[in-house]
Amino acid sequence: MADDRPLRTSLRIGAALTPLAMLAAACGGGGGDPADFPDDNIEIVVPFSAGGPTDTVTRMIAEPMSEELGVEIIIQNVEGAGGTVAAGQVAEADPDGYTVLMHHIGMSTAPTLYPDLPFDPLADFQTVGLVTEVPMTIIARKDFQPATLEELISYVEANEDKVTYANAGIGSASHLCGVLLQQAMGVKLQEVPYDGTAPAMADILGGQVDFMCDQTTNTTAQINEGKVKAYAVTTTERVESLPDLPTTAEGGLADVEVSVWHGLYVPADTPEEVVTKLTDALAAALEDQSVIDEMAKLGTAPVEPERVTPEEHTTVLEEQVASWGETLEGIEAE
Ligand code: MLT
């Protein structure tokens with residue numbers, strides 16, 4: 001699997017191999033006895049472009065996880081089809097714990113949106129644990145005419161055929177939020193898909209696309225530096241790092257409420273002993289004060305420690321796969 005993957009950006013993070021692991025690696029370690037796991041580098045696959053929200057969350061936890069596990073963590077960005085290309089590749093990886101997927105709410109919408117999905121999010125994966133739930137923000141290019149969410153609604157309804165909105169492909173969180181927005185406004189807008197919301201943000205900043213709904217992990221700095229227009233946050237309460245940004249409910253779009261939950265996955269049949277070591281390393285990373293502080297600066301927080309378990313992650317995934325079907329009925333990737 002690893003050899004046929006299109007080589008994207010990758011980043012080596014953290015602790016070098018421990019002496020024992022170096023010896024094992026030198027002798028072709030990795031994928032050996034679960035009791036020795038890990039004895040080689042671990043790869044975390046990110047289904048969207050480097051620099052975007054999913055990538056940002058992954059890089060936050062990779063360093064402390066690497067310290068905890070005593071091996072390097074390599075982050076590999078594999079874009080495409082709203083995250084389903086990466087998920088499909090990880091589903092086929094060796095179930096040895098050395099290939100991990102970071103994904104979010106898009107894992108639960110994929111079965112509805114992709115009729116020919118080459119994997120089953122529940123049957124083909126083993127959950128490792130939940131990571132964080134990230135609020136979304138509705139933002140626009142700086143010179144976009146509407147000044148408030150109310151004005152945005154009126155402007156979009158009057159200019160439905162002209163307004164463009166960016167997302168990271170069908171099945172991405174930015175796509176999902178856009179669907180909720182269009183359903184709430186009763187419009188069908190021209191979508192501009194990207195490999196991630198990092199390149200989408202570049203076009204918002206450059207004025208090539210009008211607006212998008214993206215996670216605070218990618219928009220907080222741009223909003224606080226006044227580089228984009230910001231209309232609302234998609235949570236029931238305002239976000240501490242963006243105190244002046246009203247909620248969608250305050251702006252008359254109470255139905256547009258979504259937070260982007262993230263979790264780590266390994267291929268199904270990965271030995272329980274290996275999964276437990278990964279879960280424990282994730283839990284330790286999420287209790288690391290620097291991770292907590294970094295997440296807070298970007299409008300989010302680790303999930304509660306008791307939710308960093310495969311069982312809780314599976315429960316959330318099952319509920320979400322079941323619940324998005326109705327909302328997304330009729331929307332299918334070509
Ligand atoms: C999305 O689902 O919109 C992704 O979070 C975008 C990204 O991570 O680049």
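Hydrogens, waters and symmetry mates are skipped; everything else that's a heavy atom, side chains included, is used. Only a predicted model underlies this, so the values are computations on that prediction, with no experimental measurement involved.
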(message) Between T234 and C213, is there a side-chain heavy-atom distance shorter than 4.5 Å?
(response) yes

(message) Testing the 3.5 Å rule here: is there a donor-acceptor pair between the side chains of T247 and E250?
(response) yes

(request) Please name all residues satisfying ring-ring contact (aromatic ring centres under 6.0 Å, His included) with H313, sequence neighbours left out, ordered by chain then number. (result) Y265

(message) If only side-chain N and O atoms count, and only distance matters, is there a donor-acceptor pair under 3.5 Å linking T137 with T219?
(response) yes

(message) For a 4.5 angstrom cut-off between non-hydrogen side-chain atoms, does T132 reach P302?
(response) no

(request) Would you confirm whether K227, through its side chain, and L205, through its main-chain N or O, come within 3.5 Å as a donor-acceptor pair? (result) no

(request) Step through the shown structure and confirm whether more than 12 heavy atoms of other residues, nucleotides or ligands are within 6.0 Å of CG on D143. (result) yes

(request) Check whether any side-chain heavy atom of M212 lies under 4.5 Å from a side-chain heavy atom of I204, and answer yes or no. (result) yes

(message) Can you tell me if E240 has over 12 outside heavy atoms packed within less than 6.0 Å of its CD?
(response) no

(message) For a 4.5 angstrom cut-off between non-hydrogen side-chain atoms, does I44 reach Q76?
(response) no

(message) Strictly distance-based, threshold 3.5 Å: is any side-chain N or O of T300 a donor or acceptor partner for the main-chain N or O of E133?
(response) yes

(request) Mark yes or no for whether D33, through its side chain, and A35, through its backbone, hold a donor-acceptor pair below 3.5 Å. (result) yes

(message) Is it the case that the side chains of D39 and Y98 hold a donor-acceptor pair, with the cut-off being a distance below 3.5 Å and no angle test?
(response) yes

(message) Taking L298's backbone N and O only, do any of them form a donor-acceptor pair with T216's side chain (distance below 3.5 Å, no angle check)?
(response) yes

(request) Please report the closest heavy-atom contact between M107 and P121, naming both atoms and the distance. (result) O-CG, 3.4 Å

(message) So which atom in V57 and which in V131 form the shortest heavy-atom distance, rounded to 0.1 Å?
(response) CG1-CG1, 3.9 Å

(request) Decide yes or no for P53 and D214: does some side-chain heavy atom of the first lie under 4.5 Å from some side-chain heavy atom of the second? (result) yes

(message) Tell me whether W261 shares a hydrophobic cluster with L328, the cluster being built from Ile, Leu, Val, Met, Phe, Trp, Tyr side chains joined at under 4.5 Å.
(response) yes

(message) How close do Y165 and V209 get, counting heavy atoms only, and between which atoms?
(response) C-CG2, 4.1 Å

(request) Compute the ring centroids of Y155 and F144, then answer whether they are less than 6.0 Å apart. (result) yes

(request) Give a yes or no on whether the backbone of V266 and the side-chain of T270 come within a donor-acceptor separation of less than 3.5 Å. (result) no

(request) Report yes if some heavy atom in the side chain of L101 is under 4.5 Å from a heavy atom in the side chain of P47; otherwise report no. (result) yes

(request) Return yes if some donor-acceptor pair links the side-chain N/O of Q320 with the main-chain N/O of V316 below 3.5 Å, else return no. (result) no

(request) Decide yes or no for F125 and T314: does some side-chain heavy atom of the first lie under 4.5 Å from some side-chain heavy atom of the second? (result) no

(request) Check whether any side-chain N or O of T197 sits under 3.5 Å from a backbone N or O of A200 as a donor-acceptor pair, and report yes or no. (result) no

(message) In this structure, is the centre-to-centre distance between the rings of F48 and Y194 below 6.0 Å?
(response) no

(message) When you group the ILVMFWY residues by side-chain heavy-atom contacts below 4.5 Å and let the links chain together, are L180 and V156 in the same group?
(response) yes

(request) Work out which heavy atom in A91 is nearest to a heavy atom in F119; give both atom names and the distance. (result) CB-CB, 4.0 Å

(request) Check whether L245 and V228 end up in the same hydrophobic cluster, where Ile, Leu, Val, Met, Phe, Trp and Tyr are linked by side-chain heavy atoms less than 4.5 Å apart. (result) yes

(message) Under the criterion salt bridge (Lys or Arg N to Asp or Glu O under 4.0 Å), I'd like the reasoning laid out for K297 against E294: C-alpha separation, chi angles, the key distance, then a yes or no.
(response) CA-CA 5 Å; K297 271 189 259 173; E294 214 178 330; over 6 Å; no

(message) Please check: side-chain N/O of T279 versus main-chain N/O of V128, any donor-acceptor pairing under 3.5 Å?
(response) yes

(message) So does N167 get a backbone contact from the side chain of S174, meaning a donor-acceptor N/O pair under 3.5 Å?
(response) no

(message) Assigning hydrophobic clusters by single linkage (Ile, Leu, Val, Met, Phe, Trp, Tyr; side-chain heavy-atom cutoff under 4.5 Å), is I139 placed with L189?
(response) no

(message) Would the distance check show the side chain of E332 and the main-chain N or O of Y114 forming a donor-acceptor pair, the cut-off being under 3.5 Å?
(response) no

